Amino acid sequence: MSLEDLKKLVAEGEVEKSEALAQKLLEQGVDPIRTIQELADVMIDLGDKFSRLEVFLPEIMLAGDAMTAVVNILRPRVLASGEKGAAQGKVVLGVVKGDVHAIGKDIVKLMLQTNGYEVKDLGADAPSLQFIKAAQEMGADFIGASALMTTTMPGQKEIIALLKEIGLNGTYKVVIGGAPVGQEWADLIGADLYCPDASSAPGMMAKLLKK
Amino acid sequence: MAAPYRIWEILQRSHTGPFCEEKDFMPKIFAPKLKEIVKKYAIKYDPQTPVPADNDLADRVWQAGWELFREVGLYNTDTNRIIKVAEDEIKEALYTAKGEYWVGAGKDAVLWKHRRVEDEAPPFCIFSPDITVNENLHHSMCLAYLKEPLLDGICAPILEEAAGQLIRSAGPTEISGCIQHIYNLRLAARQVGRPGVFLVAVGTAEHDSGQIAVSDNEWGVRTTDARLVGSLSEFMTADTLLNRVVHYAQYGCYTGNLTGPIYGGWCGGSEGIAVSLVAYTLSGLCIHGAHFSQHFPFHLHWGSNSTRELLWPIAVAGQAMARNSKLLYTSNGFANAGPMTEMLFYETACHALVSTVSGWHLWEMASTRNKYRNRATPMEARLGMEVGHAAARQGLTREQANALALKLLSRYEDQAADAPRGKEYQECYDVAQALPTQEHFDMYRQVKDELAALGIDFPY
């Protein structure tokens with residue numbers, strides 16, 4: 001069994017089998033950093049297929065679970081080696097207050113994680129101040145706020161207003177998304193970035209961070 | 001609907017049903033079971049046949065949907081438990097369900113009856129823009145829709161502001177917005193001479209408190225009207241939604257079961273959508289006590305259901321329910337293109353045609369991916385309903401509808417990803433008179449003439 005087999009198992013979402021093989025490969029002396037990088041490529045490839053709906057959400061979610069399980073096994077060895085892949089960025093992500101629809105946020109989270117972002121997930125129905133407190137604790141680069149209903153979109157506006165109010169405007173890039181949200185709304189409320197779909201989020205956010 | 005006296009037994013299962021962590025419900029219970037059932041019942045999507053005429057396939061989809069609902073149930077995120085309904089309870093609910101209801105009041109009351117596959121009775125037509133609208137356009141848009149001749153019921157546009165304030169869910173502005181919504185709608189209904197027209201209201205309410213605030217037989221949502229209960233995500237609910245179930249049942253209005261399975265999401269592809277639509281209908285019947293279901297399956301990336309990967313499950317699930325139940329259910333169109341574009345007219349016509357011959361009632365039409373404010377008009381819905389009436393009355397078969405659907409798809413399908421946004425309501429309607437501009441009307445007429453040339457036999 002090889003790294004190629006592990007990549008196949010992860011792509012197929014075989015969580016337990018991936019864990020077992022990762023453990024075995026680790027004992028055989030496989031390079032954990034290279035393994036993670038190659039598995040990240042698998043996830044990026046799956047993400048591309050998902051963007052074309054050649055695979056569907058269950059497949060990519062299961063693969064994400066398998067990837068996470070493998071990373072959990074490899075992480076202690078990576079830390080011990082002293083090498084550390086730099087995170088693309090740190091993100092506080094949540095669904096705004098009053099909105100309990102989390103599916104879009106969950107897909108974005110997966111896309112960000114598989115592209116090397118560190119994500120703090122606030123879940124759904126998260127109060128505006130919680131986004132900011134979590135960003136401060138994490139030292140985040142981004143605050144990502146999702147809204148699925150028109151009547152919960154003001155929650156995104158409130159986060160930006162609060163940041164200004166407490167003197168943190170510009171400290172975090174505020175990224176918004178969700179079915180009823182668009183560029184016009186982002187412009188209106190002064191969001192730093194609007195992502196039209198989950199697949200585009202990692203690339204658009206990386207570009208924004210480099211500015 | 002499920003017998004009302006069962007409501008406590010069913011809802012109690014939010015506290016006594018099997019425990020499951022929320023993160024495990026979809027990946028470990030729902031998705032594998034759906035995959036297994038699709039395979040077991042040999043359900044296979046055929047892109048060449050958006051309107052299959054395969055009764056055996058329809059019956060297998062019915063059985064598959066039944067099994068999915070019975071095995072998976074509905075997950076309550078507030079209690080981390082699964083509400084499950086037993087085989088005999090599903091049978092009881094289907095047996096005791098009525099196949100027809102009088103909805104609306106007085107002279108405006110309409111008998112809404114179950115339809116069969118290729119039924120020659122026209123579909124029940126609920127006109128709805130499904131979109132948010134500027135506060136100053138809301139009343140005009142209500143008027144414009146209520147003027148539509150084929151309208152049997154209306155679901156009005158959604159307010160984002162009330163008295164100039166942004167509506168915030170679960171707060172006082174939402175209560176205020178919901179009251180403004182129903183006032184505008186009631187006033188408009190009276191103005192056009194349809195004071196008792198059947199309303200599905202109010203869409204402005206995201207929170208249960210907003211819905212409860214407008215239950216009033218004098219000025220608000222009446223017991224002859226309907227309200228909707230949705231879900232959080234696929235087959236997931238919460239107490240804020242179940243609160244509505246209890247309120248609607250005890251208030252005495254009609255309950256609609258609102259579902260939007262996502263193509264590419266947890267339901268997978270076309271086959272999974274078809275099976276999920278049936279399962280959702282049974283869930284709504286048994287758990288929400290719904291009198292009808294309102295389904296809007298949609299594409300994960302586009303937010304529409306007018307392309308063949310969505311038309312196929314709409315057709316198959318409609319036939320499954322038409323052949324195996326006496327229930328009521330509406331097919332809610334979601335288009336890619338925006339108002340006053342030929343593409344939107346084609347998409348609406350195709351969605352209505354496919355739905356009608358497959359036994360559905362119609363709920364038309366969310367345009368522009370149901371995403372952009374003010375981008376919907378009654379004209380696209382009018383054309384869809386006219387196609388529905390014509391297709392039923394001339395007795396179009398599924399095979400004939402399939403041939404027509406393929407011709408219509410060839411006119412717009414390749415533009416689905418980059419569809420034109422079209423115009424806003426006030427750009428193609430005279431807002432004061434609530435009438436379409438001549439340019440808008442002419443485009444509608446031109447597409448209608450094209451459809452007639454293709455074989456749709458419009459009565460006028």
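Quantities reported herein were computed from a predicted structural model and do not represent experimental measurements. Numbers restart at 1 for each chain; the letters A, B, ... are given by sequence-line order, proteins then strands.
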Chemist: Do you know which two heavy atoms are closest between A:Tyr117 and A:Val91, and how far apart they sit?
Modeler: CD2-CG2, 3.8 Å
Chemist: Between A:Ala179, A:Ala198, A:Gly182, who has the most heavy-atom pairs with chain B when the cutoff is under 4.5 Å?
Modeler: A:Ala179
Chemist: Under the criterion side-chain contact (heavy atoms from CB on, under 4.5 Å), which of A:Ile176, A:Leu209, A:Val175 is the partner of A:Leu193?
Modeler: A:Val175
Chemist: For a quick test of reading the model, state the closest non-hydrogen atom pair linking A:Ile60 to A:Gly47 and the distance between them.
Modeler: CD1-CA, 3.8 Å
Chemist: Please classify the contact between B:Ile167 and chain A as side chain, backbone, both or neither, with a heavy-atom cut-off of under 4.5 Å.
Modeler: both
Chemist: Please look at B:Ile158 and chain A and tell me whether the side chain, the backbone, both or neither of the residue comes under 4.5 angstrom of a heavy atom of that chain.
Modeler: side chain
Chemist: Tell me, side chain or backbone of B:Ile131 under 4.5 Å from chain A's heavy atoms, or both, or neither?
Modeler: neither
Chemist: Which heavy-atom pair separates B:Ala162 from B:Gly177 by the least distance, and what is that distance?
Modeler: CB-CA, 3.6 Å
Chemist: Pick one of side chain, backbone, both or neither for B:Ala170, based on which atoms fall under 4.5 Å of a heavy atom in chain A.
Modeler: neither
Chemist: Could you work out all donor-acceptor pairs shorter than 3.5 Å where one atom is in chain A and the other in chain B?
Modeler:
unit_1   : atom_1 : unit_2   : atom_2 : d
A:Phe50  : O      : B:His301 : NE2    : 3.1
A:Ser51  : O      : B:His301 : NE2    : 3.0
A:Leu57  : N      : B:Gly264 : O      : 2.8
A:Thr151 : O      : B:Ser169 : N      : 3.0
A:Ala179 : O      : B:Lys371 : NZ     : 2.7
A:Val181 : O      : B:Lys371 : NZ     : 2.7
A:Tyr194 : OH     : B:Lys371 : NZ     : 3.4

Chemist: Donor-acceptor pairs under 3.5 Å, side chain of residues 132-140 of chain A to any protein atom, not counting sequence neighbours: which ones?
Modeler:
none

Chemist: For B:Gly264 and A:Phe56, work out which heavy atoms get closest and say how close.
Modeler: CA-CD2, 3.3 Å
Chemist: Decide yes or no for B:Ile179 and B:Val214: does some side-chain heavy atom of the first lie under 4.5 Å from some side-chain heavy atom of the second?
Modeler: yes
Chemist: Testing the basics here: between A:Val15 and A:Ala69, what is the closest heavy-atom pair and its distance to 0.1 Å?
Modeler: CG1-CB, 4.0 Å
